[in-house]
S.K.: 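Have a look at this one before I ask anything.
Only this structure's heavy atoms are used, side chains among them; waters, hydrogens and symmetry mates stay out.
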Amino acid sequence: MVKIVIVGGVAGGMSAATRLRRLNEDAEIVVLEKGPYVSFANCGLPYYVSGEIAQKDSLLVQTPESLQGRFSIDVRPYHEVLEIIPAENKVKIKNQKETFFENYDHLILSPGARPFIPDITGLKEAQNVFSLRNVPDLDKIMVRLENKAVKTATVIGAGFIGLEMAENLKKRGLNVTIVEKAPQVLPPLDFEMAAFVKNELEKNNVKVITGQSAVEFRDQGEKIILEDGSMLQSDVTILSVGVVPENQLAKDAGITTGFRGGIVVNENYQTNIPNIYAIGDAIVVKNQVTKEDALISLASPANRQGRQVADVISGLSRKNKGSLGTAIVRVFHLMAASTGINEKEAKRLGLNVQVVHVQGKDHAGYYPGAVDMTLKLIFDKVSGKIYGAQGVGENGIDKRIDILATGIKGEMTVFDLPELEFTYAPPFGSAKDPVNMLGYAGENLLENISENIQWYELDEALKNGKVLLDVRNPEELKNNGQFKNATHIPLNNLRCRLPELDPKKEYIVTCHSGLRSYVAERILKQAGFKVKNLDGAFALYKTVKPEEIDYV
């Protein structure tokens, strides 16, 4: 009888264990978990803080008893693996009563990742600073929050988990401040897309401080000193500045580690030591777009890896093809999601990159309840290969980014996006979905029918003598604001007012979303003018640079 020992439960470990049982009824399967819970929804932890998830038991997906009953898996909580002894195919284990050894034929490491704890002066003395990775962490936070004197909260780090914690702490009734070292919230997104998220946070009275980090805790954590010398008062502080692989057990056993300490595995999840495999947040994977080493700590890849390593051990052919890092977050009434690589990363890699933004509705605009969304596509300027995508909006972002993630996995190009067919009825979508529109807009750029300029290029272009032409209607200028230095000709009057424009000058056209300005671009180009379209148009520029907008 083959014996498989799995170190660590939750997503990867439990997926491996249950798949192994479905394929191998006679195998002995042992899961060792050093904590009290082997199967819990760690992605749901922040929502218990606000009470949106009312019962903590809802977060516990399976228990040792249920796993034993359904799958005949020997699940052992409070069993910490102290040492791997590869030469003898055994592990040394400590539980609440004793230390002992367990033999294995195959060993799967699924230790996950632990919160990165920065070296901040006074952190050891702080009594009110926490991180959130598991249920015991949650319990500690809840004990603190039940103190009625707790009124203010600080979240250090504005990634996905940090933003979820900020939202739920605010919903609990606390005054919340976010501190982020990067110049923006949600660093996986590009700056202009993250600006929508920052605006939503501030609209809901969350204070956002970017470009700063905490350098000292004082008064047992109740005072936080930032690098510019300013001070925050905080009754509870959440550290959410990333995670690092749990790799010490592997390193001590002579298992090779690589990128940022991640465990190195081959495409079959095998480590450098025979019969030892590794999966989940602790392993180095390939970014499927760049082919570079990466650490991608997400539940979906971990679950997939657990199933695949079980298949490999069971003799099925499975390969780890890498991950895209597709992720989404809800921030109050806004969704923000991304897949693949962002524009910053594409440029760092020296890729021949083109980007385009489109704005649309989550469903037909004439049907009640339609809300705005903004999508961004990053792709190759020649081939149209899709590198990444981002989206923000109140509804429907998950659907569009999931579609685009599927497109990247399927090695589709911009030219394929107009061909995609989606279910359509007014309550659900549009006849030309925003994803189709990304394809049309990208196709126009690749075929030189249109040229665009990005929001961050506009100021320099105007300094160099280019003219900004706004084709919105006068009512829009009055109600929504306007660029400080722009010529205004409504689109419907453009053809008859062409003599007012100087053919010797170069024009940048804009409207609210970019659609009418594209029509204006085509009119002007066919009249002999040199023209580019401001990508994302007024709506995007206003979001990123509200201080540059005039109101009359």
S.K.: Rounded to the nearest 0.5 Å, what separates atom CG in Asn303 from atom CG in Leu298?
M.R.: 11.0 Å

S.K.: With side chain to side chain donor-acceptor pair (under 3.5 Å) as the test, would you mind laying out the steps for Asn287 and Glu292 before giving the verdict?
M.R.: CA-CA 5 Å; Asn287 181 298; Glu292 292 186 327; over 6 Å; no

S.K.: Quick test of your reading of the model: are Lys203 and Glu200 salt-bridged, counting only N-O distances below 4.0 Å?
M.R.: yes

S.K.: Once the angle between the rings of Phe538 and His512 is folded into 0 to 90°, is it parallel (under 30°), tilted (30 to 60°) or perpendicular (over 60°)?
M.R.: tilted

S.K.: What's the separation between atom CG in Leu540 and atom OG in Ser513, rounded to the nearest 0.5 Å?
M.R.: 11.0 Å

S.K.: Judged by atom type as modelled, is there a donor-acceptor pair below 3.5 Å linking the side chain of Arg400 to the main-chain atoms of Asp362?
M.R.: yes

S.K.: Measure from the side-chain N and O atoms of Asp311 to the backbone N and O of Arg318, and report whether any donor-acceptor pair falls under 3.5 Å.
M.R.: no

S.K.: Taking all non-hydrogen atoms of both residues, which atom of Phe160 and which atom of Ala336 are closest, and how far apart?
M.R.: CE2-O, 4.4 Å

S.K.: In Å, rounded to the nearest 0.5 Å, how long is the span from OG1 of Thr237 to CD of Glu222?
M.R.: 9.5 Å

S.K.: For Asn247 and Gly261, which heavy atoms make the closest approach, and how far apart are they?
M.R.: ND2-O, 2.8 Å

S.K.: Heavy atoms, side chains only, cut-off 4.5 Å: are His357 and Gln454 in contact?
M.R.: yes

S.K.: Salt bridge or not between Asp139 and Lys56? Use side-chain N to carboxylate O under 4.0 Å.
M.R.: yes

S.K.: So, does Glu180 use its side chain to make a donor-acceptor pair with the main chain of Ala158 at under 3.5 Å?
M.R.: yes

S.K.: Using modelled atom types only, decide if a donor and an acceptor are shared between the side chain of Gln55 and the backbone of Ile53 within a distance under 3.5 Å.
M.R.: no

S.K.: With a sphere of 6.0 Å drawn around NZ of Lys545, does it hold more than 12 non-hydrogen atoms of other residues, nucleotides or ligands?
M.R.: yes

S.K.: With a cut-off of 6.0 Å (strictly less than), are more than 12 heavy atoms of other residues, nucleotides or ligands near NZ of Lys97?
M.R.: no

S.K.: I need the single residue from Val176, Thr177, Val331 that forms a side-chain contact (heavy atoms from CB on, under 4.5 Å) with Val206. Which is it?
M.R.: Val176

S.K.: How would you list, by chain and number, every residue that makes a side-chain contact (heavy atoms from CB on, under 4.5 Å) with Val7, sequence neighbours excluded?
M.R.: Val81, Leu107, Leu109, Leu249

S.K.: To the nearest 0.5 Å, how far apart are CG in Asn134 and CG in Asp137?
M.R.: 4.0 Å

S.K.: For Leu145, which residues count as a side-chain contact (heavy atoms from CB on, under 4.5 Å) partner, sequence neighbours excluded?
M.R.: Val49, Ile141, Met142, Val150, Leu169, Arg172, Leu174, Val236

S.K.: Check this for me, if you would: do Glu246 and Arg133 make a salt bridge, where the nitrogen-to-carboxylate-oxygen distance has to be below 4.0 angstrom?
M.R.: no

